[in-house]
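Keep in mind the model is a prediction, meaning the values are calculated, not measured.
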Amino acid sequence: MSAEPAELPVLSPFVFDDGAAYELMMGRWSMLVAQPFLVWLSLPAGLKWLDDGCGDGSFTESLLLHQRPSMVLGVDPSPAQLSYARQRISHARVRFLQGDAQALPLPDASVDAAVMALVLFFVPDPLQGVREMVRVVQCGGTVAAYQWDLDGGGLPLQPILDAVHAEGYQSQAPPSAWSATMAASCSLWRSADMIDVQTRQFGVSRTFDSFDNYWRTAYGSPRLRELFSSLSPIALQRVYERVRLRVGGTSDRPLVLTARANAVSGRKR
Ligand SMILES: C[S@@+](CC[C@H](N)C(=O)[O-])C[C@H]1O[C@@H](n2cnc3c(N)ncnc32)[C@H](O)[C@@H]1O
């Protein structure tokens with residue numbers, strides 16, 4: 001009898017497995033959006049928040065900085081992200097739990113506000129994820145999200161993805177990329193029976209010390225890291241040069257890049 005091949009674990013390219021690399025790649029961008037997003041939500045201090053898909057805790061940190069919450073519960077499925085978040089924020093009013101947005105480990109009506117920051121496009125069933133946020137929020141509470149404007153090229157790593165595609169390589173889109181437009185978010189929020197549904201786009205810019213500092217952030221993306229490690233040095237250099245020309249970067253001058261996020265907010269009846 002022939003032996004069965006050993007089963008290898010299949011890693012999803014959207015499970016973030018390194019909190020520190022994630023922070024450089026995306027956490028800092030997320031905090032840039034979080035500030036105007038929280039101003040837009042205009043909610044009072046002292047609320048109990050759910051940070052759904054909290055990742056490495058970047059939005060949790062923004063809540064502590066700008067909202068003076070009574071409590072923040074951060075939920076995320078990735079042990080690596082949660083471990084980074086727990087080291088980053090050790091605060092009596094913050095708890096991090098492992099869980100899935102589609103089946104939140106929280107009782108009904110247990111928070112005042114729930115937010116997904118850069119998460120919905122990763123959730124396989126976005127409507128179920130939104131319904132779960134509605135379930136755990138009290139009546140009248142706010143449910144909101146922001147996601148990169150993927151269709152409009154607003155992703156911070158878009159210049160790198162464009163170069164990858166121009167060189168003929170594939171890169172997998174997030175499973176629910178369609179949910180990132182303002183129209184799709186609005187429709188999801190209405191389908192989850194929310195009232196006062198509003199959308200807004202936020203543009204942000206981030207300064208890198210040099211082009212190389214931007215380039216290195218791509219290694220925080222498991223899908224790009226996997227692709228880059230499979231390329232020959234020459235092929236990788238071609239992608240690098242294409243990105244550098246596109247963004248006009250040099251190795252000795254600061255580089256300013258922009259990104260755009262689409263936000264949606266509504267209230268539970
Ligand atoms: C781009 S990160 C956003 C992290 C953080 N909210 C921020 O603003 O930087 C996306 C996060 O969604 C999490 N995620 C992916 N699928 C999820 C799901 N089904 N339920 C909850 N979180 C999920 C990932 O583990 C990851 O930490």
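Looking only at distances, no side-chain donor or acceptor of E167 sits under 3.5 Å from a matching main-chain atom of A235. In this structure a side-chain-to-backbone donor-acceptor pair under 3.5 Å is present from S191 to S187. No donor-acceptor pair closer than 3.5 Å links the side chain of S58 to the backbone N or O of R28. With hydrogens and angles disregarded, no donor-acceptor distance shorter than 3.5 Å links the side chain of S62 to the backbone of A34. In this structure, the side chain of T142 does not engage the main chain of A113 through any donor-acceptor pair within 3.5 Å. When atom types are taken as modelled, the side chain of K48 and the backbone of D112 share no donor-acceptor pair closer than 3.5 angstrom. Under the 3.5 Å distance criterion, the side-chain polar atoms of Q102 are matched with a main-chain donor or acceptor of D125. With hydrogens and angles disregarded, no donor-acceptor distance shorter than 3.5 Å links the side chain of D196 to the backbone of R267. A donor-acceptor pair is defined here as one N or O able to donate and one able to accept, closer than 3.5 Å; no such pair exists between the side chain of R88 and the backbone of E61. In terms of modelled atom types and a separation under 3.5 Å, the side chain of D51 and the main chain of G74 share no donor-acceptor contact.
In plain terms, the two heavy atoms of L50 and L106 that are nearest each other are CD1-CD1, 3.8 Å. Annotation for L161 and R223: closest pair CD1-NH2, 4.0 Å, computed over non-hydrogen atoms. Minimum heavy-atom separation, P126 to L188: CB-CD1, 4.0 Å. Across L24 and R206, no two heavy atoms sit closer than the pair O-NH2, 2.8 Å. Between A259 and W29, the closest heavy-atom pair is CB-CZ3, 3.7 Å. Contact record, S205 with T258: CB-CG2, 3.8 Å, taken as the closest heavy-atom pair.
You'll find the side chain of T217 reaches within 4.5 Å of the side chain of F208, heavy atoms only. Looking at W178 and F121, their side chains never come closer than 4.5 Å, going by heavy atoms from C-beta outward. At least one side-chain heavy atom of V75 sits under 4.5 Å from a side-chain heavy atom of P105. Side-chain atoms of R246 and D162, non-hydrogen and from C-beta on, do get closer than 4.5 Å to each other. For the pair R216 and N213, the minimum side-chain heavy-atom distance is below 4.5 Å. Put simply, the side chain of F202 does not reach to within 4.5 Å of the side chain of R260, judged on heavy atoms. Annotation: side chain of W189 is in contact with side chain of V143 (closest heavy-atom distance under 4.5 Å). Residues I234 and L236 form no side-chain contact, since every pair of their non-hydrogen atoms from C-beta on lies 4.5 Å or further apart.
Rounded to the nearest 0.5 angstrom, M116 CE and D52 CG are separated by 4.0 Å. In this structure, T60 OG1 and R93 CZ are separated by 13.0 Å, a value rounded to the nearest 0.5 Å. Here the CD atom belonging to Q147 is positioned 9.0 Å from the CZ atom belonging to F122, to the nearest 0.5 angstrom.
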Assess whether side-chain contact (heavy atoms from CB on, under 4.5 Å) is satisfied between L224 and I160, documenting all intermediate values. CA-CA 9 Å; L224 286 176; I160 300 181; 4.0 Å; yes
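Of the N and O atoms on the side chains of D252 and T250, at least one donor lies less than 3.5 Å from an acceptor on the other residue. A donor and an acceptor atom, one from each side chain of Q201 and D149, are located under 3.5 Å apart. No hydrogens or angles considered: nothing links the side chains of T181 and D151 as a donor-acceptor pair under 3.5 Å. When only modelled atom types and interatomic distance are considered, Y214 and D209 share no side-chain donor-acceptor pair under 3.5 Å.
Residues L38 and L43 share a single hydrophobic cluster, defined by chaining ILVMFWY side chains whose heavy atoms lie under 4.5 Å apart.
The pair R244-E241 meets the salt-bridge criterion, with a side-chain N (NZ, NE, NH1 or NH2) lying under 4.0 Å from an Asp/Glu carboxylate O. A salt bridge links D17 with R225; the closest basic N to acidic carboxylate O contact falls under 4.0 Å.
A centroid separation of 6.0 Å or more is found between the aromatic rings of Y84 and F96. Residues F228 and Y240 place their aromatic rings such that the two centres sit no closer than 6.0 Å.
Sorted by first and then second residue, the side-chain hydrogen bond (donor to acceptor under 3.5 Å, both in side chains) pairs involving residues 30-41 (not counting sequence neighbours) are S30-Y146.
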